[in-house]
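Because only heavy atoms are used, hydrogens play no part in the values below, and waters and symmetry mates are left out as well, while side chains stay in.
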Amino acid sequence: MPAWLRAFAEHQPLTPINETIRGLLMDTPLGSQPWWALGWCLAILIAGYLWGRWLFPRRLAH
């Protein structure tokens with residue numbers, strides 16, 4: 001596996017989200033997974049918002 005792909009595979013956003021949900025459903029210790037999950041969700045939300053603002057600018061004047 002190339003180094004750039006390995007880095008993404010080790011730090012991809014779905015694992016902390018899945019681990020947090022699994023820990024909450026099974027009542028197991030969560031550790032730092034909820035913080036990573038929240039951070040990824042916020043990063044994806046902000047990136048989507050900024051991309052949308054760039055892609056669809058408002059037209060104030062006709």
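Between atom CG of residue Leu5 and atom CD of residue Gln12 there is a gap of 11.0 Å, rounded to the nearest 0.5 Å. From Ile17, atom CD1 reaches atom OG1 of Thr15 across 9.0 Å, with rounding to the nearest 0.5 Å. Taking CG of Leu25 as the reference point, atom CD1 of Ile21 lies at 7.5 Å (rounded to 0.5 Å).
Met1 and Trp4 fall within a single hydrophobic cluster, where Ile, Leu, Val, Met, Phe, Trp and Tyr are joined by side-chain heavy atoms under 4.5 Å apart, directly or via other members.
Residues Ile44 and Cys41 fail the side-chain proximity criterion, which asks for heavy atoms closer than 4.5 Å.
Applying the side chain to side chain donor-acceptor pair (under 3.5 Å) test to Glu19 and every residue at least two apart in sequence or in another chain returns Arg22.
Checked by atom type and distance alone, the side chain of Thr20 pairs as donor or acceptor with a backbone atom of Gln33 at under 3.5 Å.
Taking Ile, Leu, Val, Met, Phe, Trp and Tyr as hydrophobic and joining them when side-chain heavy atoms fall under 4.5 Å apart, one finds Ile46 in a cluster with Tyr49, Leu50.
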